[in-house]
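First up is the structure itself, then whatever we jot down about it.
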Amino acid sequence: MSQIDWIVDQLNRAFDGEAWHGPALMEILDGIDATTAAARLMPAAHNIWELVLHLSAWEQVVTRRIAGETLTLTDEQNFGHIERVSEANWQKAIETLKQGHSQLIQAVSVLSDSRLNDRVPGKDYNLLFMLLGVVQHAAYHGGQIALLKRSRS
């Protein structure tokens, strides 16, 4: 298995399932409705919906960085904004997350292993470090979402 194939596998495990650490992000999000996603259980913490917007935004940033863009997010873009709490808007946020992940997988899949040592535009680390960070990011925020979900049950 090439390094790229291994990274794609890890990205998909953290996102879709069969992760070593337990439930993957999409498994954790299963069954969460808009009201639960928007609930602010701790005043100083992000809610589930904001975490989904955050994960989605950063997967898009990584995809664009792979393409050579120097990019970061503003505070508003980092955790997004919930226009209106509704099931349709929540499902749209989930679908945007899925589409962004699919685009990331496509971008990573066509990389050669030799590109993994390339420096990320505007950063002092390489693509390998960033892509492993995406796996960690999904696991980290998935854990937060799992705790928030459980506290609503």
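Model, not experiment: these values are computed from the prediction. All residue numbers refer to positions in the sequence shown, counting from 1.
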Find out whether [X] and [Y] are in side-chain contact, i.e. whether some heavy atom of one side chain is under 4.5 Å from a heavy atom of the other.
X    : Y    : result
I32  : L148 : no
L104 : I66  : yes
I48  : L29  : yes
T63  : Q106 : no
V62  : V108 : no

At their closest point, which heavy atom of [X] faces which heavy atom of [Y], and how far apart are they?
X   : Y    : result
W49 : A93  : NE1-CB, 3.6 Å
T70 : P121 : OG1-CB, 3.4 Å
A24 : D16  : CB-C, 3.6 Å

For V120 and L127: C-alpha separation, side-chain torsions, deciding distance, then whether side chain to side chain contact (heavy atoms under 4.5 Å, CB included) applies. CA-CA 6 Å; V120 173; L127 288 175; 3.9 Å; yes
With ring pair (Phe, Tyr, Trp, His ring centres under 6.0 Å) as the rule and sequence neighbours excluded, what pairs involving residues 3-31 come up?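 Matches after skipping sequence neighbours: F15-H101.
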Would you mind listing the cluster partners of L73? Hydrophobic ones only (ILVMFWY), side-chain contacts under 4.5 Å, chaining allowed.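 Members besides L73, by chain and number: W58, V61, L71.
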Any chain of hydrophobic side-chain contacts (each under 4.5 Å) joining [X] to [Y]?
X    : Y    : answer
V134 : L51  : no
L128 : V110 : no
V52  : L147 : no
W90  : M26  : yes

If the condition is side-chain hydrogen bond (donor to acceptor under 3.5 Å, both in side chains), which residues does Q77 pass it with, not counting sequence neighbours?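 T74.
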Mind checking what makes side-chain hydrogen bond (donor to acceptor under 3.5 Å, both in side chains) contact with S112, not counting sequence neighbours?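 Here the qualifying residues are S114.
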Keeping to residues at least two apart or across chains, list the salt bridge (Lys or Arg N to Asp or Glu O under 4.0 Å) pairs with something in [range].
range            : result
residues 42-70   : R40-E50, R64-E69
residues 102-117 : R115-D118
residues 79-91   : none

By side chain to side chain contact (heavy atoms under 4.5 Å, CB included), which residues pair with [X], not counting sequence neighbours?
X    : result
S56  : Q60, T96, L97
A39  : L41, R152
A146 : I28

How many angstroms lie between atom [atom1] of [X] and atom [atom2] of [Y], to the nearest 0.5 angstrom?
X   : Y    : atom1 : atom2 : answer
N89 : I94  : CG    : CD1   : 12.0 Å
Q10 : Q3   : CD    : CD    : 12.0 Å
L25 : I145 : CG    : CD1   : 5.5 Å

I need the single residue from V8, I4, I7 that forms a side chain to side chain contact (heavy atoms under 4.5 Å, CB included) with L111. Which is it?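 The residue from V8, I4, I7 that satisfies side chain to side chain contact (heavy atoms under 4.5 Å, CB included) with L111 turns out to be I4.
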According to ring pair (Phe, Tyr, Trp, His ring centres under 6.0 Å), who are the partners of F129, at least two apart in sequence or on a separate chain?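 In terms of ring pair (Phe, Tyr, Trp, His ring centres under 6.0 Å), with neighbours along the sequence ignored, F129 is linked to Y125.
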Which residues share a ring pair (Phe, Tyr, Trp, His ring centres under 6.0 Å) with H141, sequence neighbours left out: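 H141: ring pair (Phe, Tyr, Trp, His ring centres under 6.0 Å) contacts with H54, H137.
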Short question: side chain of K149, backbone of T36 - any donor-acceptor pair under 3.5 Å?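 Here the side-chain-to-backbone pair does not exist.
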